[in-house]
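Worksheet: the structure to be examined is printed underneath.
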Amino acid sequence: VAKEAAPRLCDFKPQNIANTAWAFAVADVLAPQLFGPAFAARCEALPLDHEGLRQLHQWQLWLAERGLASPLSAPFSDRCRNAFVSGGVHVSKLQREVVSSLSRLGLSVEEEVLIESGYSLDAVIETAALASPSRWMGPPTSSARSPAVRRS
């Protein structure tokens, strides 16, 4: 797919280019022949909407997880992240109930904590119950990743 798409980047409409990057990230397929300087130039030349910018931010997060640099310029990357962060959060009834229950147990709970990547964590709990001070960070609102415990 990448081999066929690379020479046709100039034909990609805004949403097509964002969908392509996002799909490769979701499939966990690297395609350096597609996602290079020509891809970056095309992205930055197109009038991408809010959703397209959000998808490109998620694609950049995936690249960073792989230890790869994004070909997008820093100002454009910032636009993508800002679109991702500005999406707002939806607090579910279940989340409210969990946070309330944890608080009643005497735990210190921070709700909707924005992390550097732009994801919002549903709840962060400070605890000394483990061998060293730790933070339990509930599932990110926009990610399917599992909960994490980080030692402070």
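Nothing here was measured: the structure is a model prediction, and the numbers come from that model. What you see below is based on every heavy atom in this structure, not just the backbone, and it leaves out hydrogens, waters and symmetry mates.
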Check: [Y] and [X] side chains under 4.5 Å, non-hydrogen atoms:
| X | Y | value |
| --- | --- | --- |
| S92 | Q95 | yes |
| W59 | L56 | yes |
| F84 | C80 | no |
| Q60 | R81 | no |

Ignoring hydrogens, what is the shortest heavy-atom contact between [X] and [Y]? Give both atom names and the distance.
| X | Y | value |
| --- | --- | --- |
| L63 | S70 | CD1-CA, 3.8 Å |
| F12 | A5 | CZ-CB, 3.8 Å |
| L9 | A38 | CD1-C, 3.9 Å |
| G36 | P71 | O-CB, 3.8 Å |
| L53 | A83 | CB-CB, 3.6 Å |
| A2 | L34 | CB-CB, 3.9 Å |

#### Entry: S101: side-chain hydrogen bond (donor to acceptor under 3.5 Å, both in side chains) partners, not counting sequence neighbours
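If we apply the side-chain hydrogen bond (donor to acceptor under 3.5 Å, both in side chains) test to S101, skipping adjacent residues, the hits are R104.
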
### Task
Report the residues that fulfil side-chain hydrogen bond (donor to acceptor under 3.5 Å, both in side chains) with T20, sequence neighbours left out, ordered by chain and then residue number.
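Residues passing side-chain hydrogen bond (donor to acceptor under 3.5 Å, both in side chains) with T20: none at all.
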
### Query
Counting distance only, does the side-chain N/O of N16 pair as donor-acceptor with the main-chain N or O of K13 below 3.5 Å?
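Yes, the answer is positive, given that a donor and an acceptor are paired below the 3.5 Å cut-off.
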
### Task
Give every residue pair that meets the salt bridge (Lys or Arg N to Asp or Glu O under 4.0 Å) criterion with at least one member in residues 31-40, sequence neighbours excluded.
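Pairs touching residues 31-40 that pass the test: none.
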
### Message
Using 0.5 Å steps for rounding, measure from the NE2 atom of H57 to the CZ atom of R79.
### Response
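Rounded to the nearest 0.5 Å, the NE2-CZ separation comes to 14.0 Å.
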
### Task
Return each pair, listed once, that meets side chain to side chain donor-acceptor pair (under 3.5 Å) where at least one residue sits in residues 1-12; pairs must be two or more places apart or across chains.
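Applying side chain to side chain donor-acceptor pair (under 3.5 Å) to every pair that reaches into residues 1-12, excluding sequence neighbours, yields E4-R8.
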
### Query
If you look only at pairs with a residue in residues 23-51, which of them pass as a side chain to side chain donor-acceptor pair (under 3.5 Å), with sequence neighbours excluded?
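Every pair satisfying side chain to side chain donor-acceptor pair (under 3.5 Å) with a residue in residues 23-51: D28-W62, D28-R66, E44-S73.
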
Under a 4.5 Å side-chain heavy-atom rule over Ile, Leu, Val, Met, Phe, Trp and Tyr, are [X] and [Y] clustered together?
| X | Y | value |
| --- | --- | --- |
| V99 | I125 | yes |
| I17 | V26 | no |
| L30 | V1 | yes |

#### Entry: ring-ring contact (aromatic ring centres under 6.0 Å, His included) against F24, all qualifying residues, sequence neighbours excluded
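So F24 forms a ring-ring contact (aromatic ring centres under 6.0 Å, His included) with F35.
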
